[in-house]
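First the proteins, then the strands, lettered A, B, ... as listed; each starts at 1.
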Amino acid sequence: MNSKLTQFAGALVQPIVAVLLALLIGALAIFLVGGSVMETYAEMWKGAFGSFYFVTNTLSRATPIILVGLGTALAFRAGFFNLGAEGQMILGGLCAAITALYVPGPGWYKLVLALISGIVAGGIWSAFAGWMDAKFRMNLLITTLLLNYIASLFAGYLVAYPLKDTTGSAAMAQTKMIDQSAWLPKLFQGMSLHAGFLIALAGAILLFLFMKYTVSGYETRMLGNNPLFAAYGGVQRGKLMFYSMLASGGFAGLAGAVEVLGTQYRYLDGSLSTPGYAWSGIMATLLAGSHPLGTAFAALLLAALQTGGMGVERNTEVPLEIASVIQATLILFVSAKLSYSFLKRRKARAQSGTIS
Amino acid sequence: MKKGILLAVVLILLSSLFVACGKKENNNTAAENNAGAGDKAPMKKVALVLPEKIGVNAFFVQMDEGFKKAGKEFNVETKTIESTDPAAFEQNLRSTVAENYDLIITATFQAEDALKKVAAENPEKPFAIIDTVVDLPNVRSVVFREYEASYLLGAAAGLATKSNKVGMVVAIDAPLLKKYTEGFKEGLKYTNPKAEMLVNYVGGFTDPAKAKELALLQFSKGADFIAGASAVGDLGVFEAAKEKGFFTSGQDIDNTGVDPEHVVLAQLKGTDTVAYETVKSFSEGNFAYGAVDYGLKEDGVGLTYVTRDSQTPLNPFIGQATVDKVKAIKDDIVSGKLVVKNPLNP
């Protein structure tokens, strides 16, 4: 128990150090543009957690990031680098919007169907990349990345031409607005937080339980940790890859669906890609070492940096870009962690005399 | 050792407490001084929340300038807030409500969705939106009669063209931009019925490369004057004009200075004026809801040399005679003798 606790603390030390160092460099950046460091950080804190209202703001920003992060965490755990969360998210959002718009029936029915269609669309898009890897040995890293462009441009085309909303000023590439009965309900009156956050939270807990207590979860982890051993133990790589990619994309698709059904109420071209939800989600996964609950926590942290950055923009003269600078330094320190553990592993190998 | 550290921590905490108290006192006296000097109601706070970053977009740059100028002149606290993406924009808009700004101004069709939601949820809060109409009881919509200015531009083009072919490179094929194409067409027909008008759509507001290709296409079809109406894309039209030696015009601000030999006119859109006027009417207490529009009469839109002087000398392609004639047309529009119809509600 005690050793577990220290292990847990040890896992936390690195991210905390990374955050502190990033904040330090951010302070330097703020100082260089001539802002007051303390005031800026105070506004940042207030913008993210300053009042109940801003906490809900942060949570709603975190919702899609958590879901994307969970999906990526699952794939990373299984040893598959799924970098296609953005495309999967976009297709999920688009399909959810189309379903909610054109399927007849009562509101709750449309809503449930829209969420499912989002999961399915994202899952299929992701599994498609997995299938290409298994069948044609196409590198997953490259296919998932490139499929992002296909998805986002295709969605952009659909909403700019056949599905374009021609009511109102009609100057934007977007679908019509979804009927109010099929919206994900807001949790509090007048705030942006919607029920998608509860879905994300449930997803994090379920994924955690799945990874820890089920046979498939064990197989998934095993495949990621040691593919050869897993194969020796009877784990079928191809099958497991297909399913883990399907689930991974499903989470990303769900992220897109809740964002569409809970915030925009329509698919608006660029509304899922410009905020960089997918990349923030992947970052959260890296920060937390693919641990589901840790990923959710890291996603919250990243969202807090973003909403905090908006607070800085609103209430100080320091430009919005400074929050991005802090985020970027965070990525740097995370990558430093990766190489650090890599070095450690090499050292350990050298000691045991099995450099291959 | 531990005790020593503890002592140090306590000392630091205590001293910071003293510092804080000292500061507070200072603040108090400062506030009292202020109150004594000003002796007025607390300053009103107005926010300008933009759905995009301002960057080099003249439309927003101007608006921000007018907004800040009004803040200074009417003793109103102003704050301009830029947003990175649609979700962030909605959160910023909601936050300005939570942070209790007295008036919240936003702009462009990109803001419609979010404003409709937020304004409907906060019926007590005054809002204003520039450049599009949101029909809610607590929103003041400020729009422009761009078609009056593009009428003048078309009229000038009709008088100046030698080949009887003029072109226009337009951002996207949407009803909103009919305000540019239709006005231009009518003006052109008024001064030169024989002239032909070419229209091409870029498909976006930020694509200079494609806008340039379309301008080159129109030039190859014989147009000698090609008006840019594609926002950032106009830079591509200017570049094409420089390469091929035809004449062109810009939008929103006076950009004849970019290349005086080829950029010969600019259709003006006074986003600074309307931001200024909105804050002004709010601070003077005669802020009204509903839609208001600004045209030639209110100096909300215009054309270089005709409604406003330019730093750049007039290009001989246009010529003083043309300017004088267009000025006469402008006077007719202002006096109501000539009515340019709004292409959005025929």
What part of A:Met191 gets closer than 4.5 Å to chain B, counting heavy atoms only: side chain, backbone, both or neither?
backbone
Cut-off 4.5 Å, heavy atoms of chain B, and the answer for A:Thr307 is side chain
Any side-chain hydrogen bond (donor to acceptor under 3.5 Å, both in side chains) involving residues 253-262 of chain A? Give me the pairs, sequence neighbours left out, ordered by first then second residue.
A:Glu259-A:Tyr277
Sort [X] into side chain, backbone, both or neither according to what part of it lies under 4.5 angstrom from a heavy atom of chain A.
{"X": "B:Ala87", "value": "both"}
{"X": "B:Leu176", "value": "both"}
{"X": "B:Gln91", "value": "both"}

Out of [options], which one racks up the most heavy-atom pairs below 4.5 Å with chain B?
{"options": "A:Gly311, A:Ser192, A:Ala173", "value": "A:Ser192"}
{"options": "A:Asn315, A:Thr274, A:Leu272", "value": "A:Asn315"}
{"options": "A:Arg266, A:Met177, A:Gln189", "value": "A:Arg266"}
{"options": "A:Ser271, A:Ser273, A:Pro275", "value": "A:Pro275"}

N-O pairing of [X] and [Y] below 4.0 Å:
{"X": "B:Lys210", "Y": "B:Glu213", "result": "no"}
{"X": "B:Glu182", "Y": "B:Lys341", "result": "no"}
{"X": "B:Lys69", "Y": "B:Glu65", "result": "no"}

Please say whether more than 12 non-hydrogen atoms of neighbouring residues, nucleotides or ligands are located less than 6.0 Å from [atom1] in [X].
{"X": "B:Lys185", "atom1": "NZ", "value": "no"}
{"X": "A:Glu317", "atom1": "CD", "value": "no"}
{"X": "A:Phe154", "atom1": "CZ", "value": "no"}
{"X": "A:Lys186", "atom1": "NZ", "value": "yes"}
{"X": "A:Tyr102", "atom1": "OH", "value": "yes"}

When only heavy atoms count and the cut-off is under 4.5 Å, which of residues 100-116 of chain B reach chain A?
B:Tyr101, B:Phe109, B:Gln110, B:Glu112, B:Asp113
Can you pull out the residues in residues 132-139 of chain B with any heavy atom less than 4.5 Å from chain A?
none
Applying a criterion of heavy atom separation less than 4.5 Å, what residues of residues 56-71 of chain A form contacts with chain B?
A:Asn57, A:Ser60, A:Arg61
Under the side-chain contact (heavy atoms from CB on, under 4.5 Å) rule, what do B:Thr78 and B:Leu48 come out as? Steps first, then yes or no, please.
CA-CA 8 Å; B:Thr78 56; B:Leu48 176 66; over 6 Å; no
For the ring pair A:Tyr157 and A:Tyr161, is the centre-to-centre distance below 6.0 Å?
yes
For the residue pair A:Phe49 and A:Trp45, is the inter-centroid distance of their aromatic rings smaller than 6.0 Å?
yes
What I'd like to find out is whether the side chain of A:Tyr265 reaches to under 4.5 Å of the side chain of B:Lys117, using heavy atoms alone.
yes
Does any part of the side chain of B:Arg140, heavy atoms only, come nearer than 4.5 Å to the side chain of B:Val292, both counted from C-beta?
yes
For a side-chain contact (heavy atoms from CB on, under 4.5 Å) check, start with the C-alpha distance between A:Phe251 and A:Thr72, then their side-chain angles and the critical distance, and finish with the verdict.
CA-CA 8 Å; A:Phe251 271 112; A:Thr72 337; over 6 Å; no
Using the rule given for side-chain contact (heavy atoms from CB on, under 4.5 Å), can you reason through B:Val97 versus B:Phe127, listing the C-alpha separation, both sets of side-chain angles and the distance that settles it, and then say yes or no?
CA-CA 10 Å; B:Val97 175; B:Phe127 293 91; 4.0 Å; yes
Of A:Tyr53, A:Phe197, A:Phe52, the residue whose pairing with A:Phe188 passes ring-ring contact (aromatic ring centres under 6.0 Å, His included)
A:Phe52
When only pairs under 4.5 Å are counted, which of B:Pro86, B:Ala88, B:Ala98, B:Ser95 shares the most heavy-atom pairs with chain A?
B:Ser95
Could you check B:Ile130 against B:Phe144 for side-chain contact (heavy atoms from CB on, under 4.5 Å), going step by step and ending with a plain yes or no?
CA-CA 9 Å; B:Ile130 295 171; B:Phe144 297 92; 4.1 Å; yes
